[in-house]
Amino acid sequence: MAKDDVSATGSKSKTNSKAAKKKEVKKETGLGLSTKKDDNFGEWYSEVVVNGEMIEYYDISGCYILRPWTMAIWEVLQVFFDAEIKKMKIKNCYFPLFVTPDVLQREKDHVEGFAPEVAWVTKSGNTDLDVHIAIRPTSETVMYPYFSKWIRGHRDLPLRLNQWCNVVRWEFSHPTPFIRSREFLWQEGHTAFATKEEADEEVLQILELYRRIYEEFLAIPVVKGKKSELEKFAGGLYTTSVEAFIPNTGRGIQGATSHCLGQNFSKMFEINFENEKGEKGLVWQNSWAYSTRTLGVMVMVHGDDKGLVLPPKVASVQVIVVPVPYKDADTQAIFAACSETVKKLSEAGFRVEEDLRDNYSPGWKYSHWEMKGVPLRIEIGPKDLANKQVRVVRRDNSAKVDIPMDNLIEEVKDILSKIQESMFDAAKQKRDACIKVIKTWDEFTVALNEKKMILAPWCDEEEVEKDVKARTKGEMGAAKTLCIPFDQPELPEGTACFASGKPAKKWSYWGRSY
Ligand code: 87F
C-alpha cells in the first residue's frame with residue numbers, strides 16, 4: 001500500500017489543506033465502544049471482539065474470521081500444550097475431515113443426540129453424491145477403525161495420538177464468537193492403554209494442563225472436577241472438566257474436558273490386544289480437548305469498557321511504545337528513543353512494537369492499543385527524554401509510573417509479571433464473590449436469581465438433576481450441575497440433598513451455563 005494511503009480516513013490525502021486535516025481528526029474520534037460491559041454484555045462482547053481486531057463477522061451465521069491478533073494468542077497456547085504432551089510421549093497426527101455415514105454411525109450411543117448437528121456434503125458440482133459424506137464433529141469414529149488395525153499386542157500400547165484441527169457442529173442455538181461457533185479449532189487427543197490405571201492417570205495429567213492454560217496463561221480461575229452422569233460425554237465412562245464462570249452473565253462455562261472412555265469404544269471398534277500371557281483384552285481409552293472457546297472466556301472475564309485486556313503471557317504485543325512529540329520538541333530524538341526502547345526490549349525477549357504513524361495523535365493511539373488490550377504502554381515525550389526515563393501505563397488498572405531507561409528491562413519484566421498476577425487475582429476475587437454455598441431449595445432459587453455459582457450438597461442422582469432442570473426451566477435456561485469438584489469441602493453426616501432431601505453424597509457446583 002502506498003504510504004499516502006494509510007491516512008486515518010483511508011483516502012488518498014494528497015492535500016495538506018485545513019479541511020482535509022479536520023476531516024482526518026474527526027474520523028480519529030470514532031474509537032471506543034458504544035456499549036458498556038455492565039449495560040449490555042452481549043452487545044459489548046460482539047463489539048470488543050470486532051473492535052479489538054480478534055474477529056471479523058462472516059456471511060455464514062456462526063462462522064467467524066480469526067484475525068492475526070487471535071491466532072497469535074492461540075499459537076501461544078498451542079506451543080505450551082504441544083510441548084507438554086510431547087513430554088508425555090503423545091504424538092501428533094492428522095486424520096481426514098470427512099467421514100462416511102456407516103463409520104459415523106458405528107457407535108450409536110455416541111452419535112445419537114448429536115446427529116442434528118452433523119453437516120453433510122451432498123453434491124460435487126451439480127451432481128448429487130451417491131454416498132453423502134459427513135464433516136467431522138469430533139474424530140472418534142474417524143480414528144478408531146485405525147486404532148483397531150494398528151493395535152495387535154501389548155507392545156503396541158500405549159497408543160497416544162493428538163491432532164490439531166477444525167471441527168464442524170451445525171449448532172442452532174444463538175451463535176457467539178469463540179463460545180459457540182459452527183466451525184472451531186481445537187486439539188483432540190485420543191489414547192489407548194492396556195490398563196484402566198494408566199488411562200485414569202492420563203485423564204488427570206491432561207486436566208492439569210488445561211488448568212494451567214486457564215490459570216497460568218489466561219489468568220482465569222477454574223474448578224477441576226467430575227461431570228455428573230447426566231452431563232458427562234454419553235459415549236464414555238466418566239468425564240472430567242475445568243469449569244470457568246462469567247460473573248456478568250452468571251453462567252458457568254465448560255473450559256475443556258478430559259474423558260476416560262473406558263472400553264465402550266474398544267468394544268464397538270474391536271480394538272483388542274494380546275497381553276504378555278497371550279490373553280485377549282480390550283484397550284482402555286481416553287479422549288480430551290480444548291478449543292478456541294478458551295479465547296472467548298478470556299475476553300469475557302478480563303475485557304472492560306475500553307476493550308480487550310490481554311494477559312501478558314499470551315499477548316502477541318506485550319508492550320507498545322508510543323512517541324509523544326510536543327510543539328517544538330525534537331521529534332527525531334523522541335522517535336529515536338522509541339526505537340532504542342523497542343530494540344532493548346525485544347533483544348531481552350519481550351514482544352514489543354512501536355507506533356510511529358504520523359497520521360494519528362498520541363491520544364488516538366492510546367485508545368487504539370487499549371482497545372486491542374496490550375498489557376503495557378510506554379510513552380516517550382520531551383520530558384522523558386530529558387530525564388532519561390520512560391512513562392509506563394498498565395492496561396489492567398491504568399496505573400502510571402516513570403522508570404529510568406537504565407532499569408528498563410528489569411522494571412518491564414517485573415511489571416508484566418505483576419499484571420499477569422493481578423489479573424488472575426482480580427478475576428478470582430470476582431469469581432469467588434459469585435460462589436454461594438447453599439443447603440436448601442429456597443436458598444438455591446434465591447442464589448440462582450442472583451446469578452451465583454452455587455455449591456450445594458447433592459444426592460448425586462440423575463433423576464434429581466433432571467428434576468432440578470425441569471423446575472428451573474425458563475427464559476434464562478435451566479440450572480444444571482457444572483461439576484462435582486475434586487476439592488470437596490467437608491460434608492457432615494446427615495446433610496440432606498438441597499433438591500431431594502435424600503442423604504447428600506457430594507458437594508456439587510450448580511448454575512446456568514453456556
Ligand atoms: C456433535 C456432533 C456429533 C460433541 C458432537 O469431548 C458428535 C458429537 O461426539 C460428539 N458434539 N460430541 C462429544 C465429543 C466428545 C470428545 N471427543 C474428542 C471430546 C473431546 C475430544
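Whatever order the structure lists them in is the order used to number ligands and atoms, beginning at 1.
Donor-acceptor pairing under 3.5 Å is lacking for the side chains of Q254 and S513. A donor-acceptor contact under 3.5 angstrom links the side chains of E198 and T195, judged on distance only.
Protein heavy atom in closest approach to atom 9 (O) of ligand 1: H110 NE2, 2.8 Å. Ranking the protein heavy atoms by distance from atom 20 (C) of ligand 1 puts A289 CB, 3.5 Å first.
Any N or O atom pair closer than 3.5 Å counts here, and T138 shares at least one such pair with ligand 1. Of the polar atoms of E140, at least one N or O is found under 3.5 Å from an N or O of ligand 1, judged by distance alone.
Only the side chain of F233 comes within contact range of ligand 1, with a heavy atom under 4.0 Å; no backbone atom does.
Nearest heavy-atom pair, W69 versus S316, reported as atom, atom and distance to 0.1 Å: CZ3-OG, 3.2 Å.
Residue F114 holds the heavy atom nearest to atom 8 (C) of ligand 1 of all those in F114, W170, W186, W288. Of the candidates R136, H259, R169, Q254, the one placing a heavy atom closest to atom 14 (C) of ligand 1 is R169.
The contact set between ligand 1 and T257, taken as ligand atoms under 4.0 Å from a residue heavy atom, comprises 6 (O). Atoms of ligand 1 found under 4.0 Å from any heavy atom of E117 (numbered from 1 in listed order, with element): 1 (C).
Shown here are the side-chain contact (heavy atoms from CB on, under 4.5 Å) partners of E208, two or more places apart in sequence or in another chain: R211, R212, K224.
Separation of the F217 and F80 ring centroids falls under the 6.0 Å cut-off.
Within the structure, the salt bridge (Lys or Arg N to Asp or Glu O under 4.0 Å) test picks out the following pairs touching residues 154-175 (sequence neighbours left out): R160-E202.
Each of E465, E231, K469 was checked for a side chain to side chain donor-acceptor pair (under 3.5 Å) with T481, and the lone residue meeting it is E465.
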